Every structure is written in C-alpha cells, then in structure tokens.
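Being a predicted model, the structure only gives us computed values, none of them experimental.
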Amino acid sequence: QVQLVESGGGLVQAGGSLRLSCVASGRTFSSLAMGWFRQAPGKEREFVGSIAKSGDSTYYADSVKGRFTISRDNAKNTVYLQMNSLSPEDTAVYYCAARYSGYGSQWQRYDHWGQGTQVTVSS
C-alpha cells in the first residue's frame with residue numbers, strides 16, 4: 001500500500017553537497033517512520049539515518065553524523081537527506097525505506113523500500 005520514490009542522486013565532487021528526496025504515496029505519510037540506507041558495490045546494506053513519524057527525533061550512523069541531516073515535510077509526503085562534505089566513500093546507491101512502528105538502524109524492521117538513487121562522489 002506504500003510506494004516510495006527516491007530522487008536527487010547524481011555526480012558531485014568531493015567536499016560538495018547533495019540533497020536526496022523520497023516521496024511516499026498510498027498511506028498517510030505521518031503514520032510512517034522513515035529511514036535512509038545505502039549500499040556500495042561489494043558491500044552490505046548500511047544504515048544512514050532515520051526519522052520519527054513526527055520528525056521530532058532523528059538517529060544517524062556514526063559515519064555520517066555531523067555531515068548528513070534527515071528532515072521531513074509531512075504536508076508534501078516527503079523525506080529528505082541533506083548530504084554535506086561528501087567524500088568518495090559516500091558513493092553508493094541510496095535507498096529510502098518506511099516502517100509502521102518504531103524507527104532505527106535495522107533494515108529488517110522496515111516494511112517498504114524505494115528503488116534507490118545513485119550517488120557518485122568524485123575525487
């Protein structure tokens with residue numbers, strides 16, 4: 001009943017910034033906690049960050065804390081991932097995910113997934 005569509009990926013130089021968006025449809029957006037994950041070639045899926053249904057709480061992986069910011073606009077059914085100070089190590093496919101209860105880092109607890117958007121950071 002939930003469809004997630006990511007956008008905003010692309011090529012950026014090291015030190016630059018990029019903002020990803022994820023639009024949800026099929027369910028009241030405010031009933032969903034949201035998360036961002038990423039997967040680089042040859043690596044397992046990695047948690048990036050999550051945000052509570054109300055947007056009043058966020059949780060980040062140590063690798064991105066201080067550089068990435070998750071926010072949401074429930075009126076637009078959209079969650080954002082603002083990425084600053086990007087490095088080549090951030091290169092990955094970034095996935096948006098949604099869950100009905102709780103929020104956090106465990107991908108197994110998320111109920112719906114988008115198709116992903118490629119982020120490539122050049123040297």
Side-chain angles (χ1 to χ4, degrees):
Q1 293 182 348
V2 175
Q3 182 179 6
L4 305 175
V5 180
E6 303 98 332
S7 63
L11 176 65
V12 64
Q13 292 185 331
S17 298
L18 205 62
R19 189 178 77 161
L20 306 183
S21 299
C22 174
V23 179
S25 62
R27 188 182 178 91
T28 302
F29 185 62
S30 61
S31 70
L32 299 169
M34 305 297 296
W36 287 97
F37 293 77
R38 65 187 183 184
Q39 188 166 24
K43 297 183 179 180
E44 64 183 11
R45 187 166 296 182
E46 176 188 21
F47 170 74
V48 176
S50 63
I51 187 167
K53 297 175 182 180
S54 64
D56 60 355
S57 297
T58 55
Y59 177 53
Y60 299 97
D62 288 342
S63 60
V64 306
K65 192 176 300 181
R67 299 189 298 122
F68 291 10
T69 302
I70 296 175
S71 61
R72 64 190 295 161
D73 186 341
N74 286 353
K76 296 181 178 179
N77 292 350
T78 302
V79 63
Y80 304 95
L81 181 66
Q82 178 66 47
M83 305 184 293
N84 299 327
S85 301
L86 286 164
S87 70
E89 289 70 34
D90 296 313
T91 295
V93 176
Y94 283 71
Y95 297 93
C96 175
R99 59 193 289 175
Y100 299 117
S101 62
Y103 72 105
S105 63
Q106 300 178 56
W107 67 266
Q108 299 92 335
R109 300 300 305 274
Y110 285 81
D111 302 298
H112 302 283
W113 293 84
Q115 292 298 115
T117 185
Q118 177 71 48
V119 172
T120 302
V121 184
S122 65
S123 301

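Of all heavy-atom pairs between P88 and A14, the closest is CD-CB, 4.2 Å. A pairwise comparison of heavy atoms in L4 and V2 identifies CD2-CG1, 3.8 Å as the closest pair.
Between the side chain of R109 and the backbone N or O of S101, no donor-acceptor pair lies under 3.5 Å. Listed for the Y60 side chain is no donor-acceptor partner under 3.5 Å among the backbone atoms of R67. Formation of a donor-acceptor pair under 3.5 Å by the Y110 side chain with backbone atoms of G104 is found in this model. Remark: side-chain polar atoms of K53 are paired, donor with acceptor, to backbone N or O of Y100 under 3.5 angstrom. Under a 3.5 Å cut-off, the side chain of E6 and the backbone N or O of Q115 do form a donor-acceptor pair.
Exactly one residue among Y95, Y94, F47 makes a ring pair (Phe, Tyr, Trp, His ring centres under 6.0 Å) with F37. That residue is F47. Each of L20, T91, V93 was compared with V119 under the side chain to side chain contact (heavy atoms under 4.5 Å, CB included) criterion, and only L20 meets it. The one candidate from I51, I70, D73 that meets the side chain to side chain contact (heavy atoms under 4.5 Å, CB included) condition with Y80 is D73.
Note that CZ of R19 and CZ of F68 are 14.5 Å apart. Values are rounded to the nearest 0.5 Å. Here the straight-line distance linking atom CG of D111 with atom CG of L32 works out to 8.5 Å at 0.5 Å rounding. Q39 contributes atom CD, which lies 8.5 Å from atom CD of E44 (distance to the nearest 0.5 angstrom). To the nearest 0.5 Å, atoms CD (Q82) and OG (S21) are separated by 9.5 Å. Here the NZ-OG1 distance, from K65 to T58, works out to 9.5 Å after rounding to the nearest 0.5 Å.
Cluster annotation: L18 is connected to M34 through the hydrophobic network of ILVMFWY side chains, with a link wherever side-chain heavy atoms come within less than 4.5 Å. Residues Y59 and W107 share a hydrophobic cluster, clusters being chains of Ile/Leu/Val/Met/Phe/Trp/Tyr side chains in contact below 4.5 Å. A continuous path of hydrophobic side-chain contacts links V121 to L81 [ILVMFWY only; heavy atoms under 4.5 Å]. If you chain together hydrophobic residues whose side chains sit under 4.5 Å apart, V12 and V64 fall into the same group.
Using a 4.5 Å heavy-atom threshold, the side chains of E46 and S63 count as touching.
Within 6.0 Å of atom CD in Q118, more than 12 heavy atoms from other residues, nucleotides or ligands are found, so the atom counts as buried in its surroundings.
Applying the disulfide bond (SG atoms under 2.5 Å apart) definition to pairs two or more places apart or across chains, none involves residues 37-80.
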**Request:** Apply side-chain contact (heavy atoms from CB on, under 4.5 Å) to C96 and W36, showing your working.
**Result:** CA-CA 5 Å; C96 175; W36 287 97; 4.0 Å; yes
